[in-house]
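Before any comments, here is the structure.
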Amino acid sequence: MRADIIKVWVDDVNVNIQTSDGQVKSEKIADYYRLCNATPEERQAFEYDNMGIHWSELDEDLSYEGFFQAKEEVKKSELYTFFKSFPEINVSKLARRMGISQSLMASYICGVKKPSAERLKEIENAVRSLGQDLSSVSFHS
């Protein structure tokens, strides 16, 4: 990260951050399915730490590094494309199921960190395992 984050705010169009060296960076709400479909109140219910911004009710995480990265790089991430295609998957809970932090998973998804081939396989296996668990559900009346 280039500088410490001193302020985070959400307006009607963007999620914004300000760094200690005065830079202001923004991410468009429209680029994030869960934020885009959230109410204004839900968008304001965020927490942040030294890694990024988290909306626990929405299961959305933004890494600060993503604010400084070119958008083309982010959208090329295979994980970004996958999870954007399946917004009903709770990424935070999938990360917990795997035993990794939600901020690390968010860094993989937004392309800030590149998972090793082994970690990518672990994520794939966790998604497949979730799918198998869901496919075995049977409701009885």
Side-chain angles (χ1 to χ4, degrees), residues 1-140:
M1 195 163 50
R2 293 175 168 79
D4 291 330
I5 304 304
I6 60 169
K7 184 177 179 183
V8 175
W9 71 99
V10 179
D11 58 33
D12 292 337
V13 178
N14 296 310
V15 177
N16 308 281
I17 61 171
Q18 182 178 359
T19 63
S20 58
D21 63 2
Q23 292 185 71
V24 174
K25 298 287 187 174
S26 301
E27 289 282 324
K28 292 193 178 301
I29 289 170
D31 290 342
Y32 298 91
Y33 176 84
R34 291 178 180 100
L35 292 177
C36 183
N37 290 300
T39 66
E41 294 79 20
E42 289 171 325
R43 286 187 205 125
Q44 295 301 322
F46 62 86
E47 299 172 340
Y48 63 97
D49 58 22
N50 61 344
M51 296 287 294
I53 310 162
H54 179 65
W55 289 263
S56 57
E57 291 291 317
L58 301 174
D59 185 40
E60 185 68 74
D61 297 287
L62 299 184
S63 166
Y64 295 132
E65 290 295 332
F67 284 78
F68 296 95
Q69 215 175 10
K71 298 303 170 221
E72 311 79 64
E73 294 175 40
V74 172
K75 297 202 176 173
K76 289 181 182 174
S77 164
E78 184 178 22
L79 290 174
Y80 176 90
T81 303
F82 173 78
F83 286 108
K84 188 156 176 89
S85 298
F86 295 95
E88 54 278 341
I89 295 176
N90 186 313
V91 177
S92 294
K93 290 190 174 153
L94 184 68
R96 280 193 291 272
R97 183 179 186 146
M98 293 177 57
I100 65 173
S101 73
Q102 61 191 26
S103 59
L104 178 59
M105 181 70 97
S107 293
Y108 291 152
I109 292 169
C110 74
V112 170
K113 293 187 178 181
K114 184 170 172 53
S116 66
E118 182 180 314
R119 177 67 75 177
L120 201 55
K121 193 67 172 168
E122 289 173 12
I123 295 169
E124 183 180 305
N125 288 340
V127 170
R128 289 178 188 265
S129 174
L130 176 62
Q132 288 171 348
D133 290 350
L134 290 171
S135 69
S136 68
V137 170
S138 177
F139 297 107
H140 304 282

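The shown structure was predicted, so the numbers you read here are calculated from the model rather than taken from an experiment.
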Do the non-hydrogen side-chain atoms of Lys121 and Asn125 ever get within less than 4.5 Å of each other? yes
Taking the side chain as C-beta and beyond, is there a heavy-atom pair between Phe46 and Leu35 under 4.5 Å? no
So do Arg97 and Ser129 actually touch side chain to side chain, heavy atoms under 4.5 Å? yes
When rounded to the nearest 0.5 angstrom, what is the spacing between OG in Ser26 and CG in Asn16? 3.5 Å
Using the test side-chain hydrogen bond (donor to acceptor under 3.5 Å, both in side chains), find all partners of Asp59 that sit at least two apart in sequence or belong to another chain. Ser92
Flag side-chain contact, heavy atom, 4.5 Å: Ile5 against Phe67: no
Side-chain donor or acceptor of Arg43 paired with backbone N/O of Cys36 under 3.5 Å: yes
Distance-minimising heavy-atom pair for Leu104 and Ile100: CD2-CB, 4.3 Å
What are the two closest non-hydrogen atoms of Ala95 and Ser101, and how far apart are they? CB-O, 4.0 Å
When you compare the side chains of Tyr32 and Glu27, does any donor N or O come within less than 3.5 Å of an acceptor on the partner? yes
Would you call Lys93 and Arg96 a side-chain contact if the rule is heavy atoms closer than 4.5 Å? yes
Is there a side-chain contact between Ile53 and Val10 (heavy atoms, below 4.5 Å)? no
Only pairs at least two apart or in different chains count here, so list each ring pair (Phe, Tyr, Trp, His ring centres under 6.0 Å) that has a residue in residues 85-110. Phe82-Phe86
Taking atom CD of Glu57 and atom CZ of Arg34, what is their separation to the nearest 0.5 Å? 13.0 Å
Within-4.5 Å side-chain heavy-atom neighbours: Met105 and Ile123: yes
State which residues pass side-chain hydrogen bond (donor to acceptor under 3.5 Å, both in side chains) with Asp49; sequence neighbours excluded, sorted by chain then number. none
Does a sphere of radius 6.0 Å around NZ in Lys84 hold more than 12 heavy atoms from other residues, nucleotides or ligands, not counting ones at 6.0 Å or beyond? yes
Just so I know, are the side chains of Leu62 and Val15 near enough to count as touching, which here means a heavy-atom distance under 4.5 Å? yes
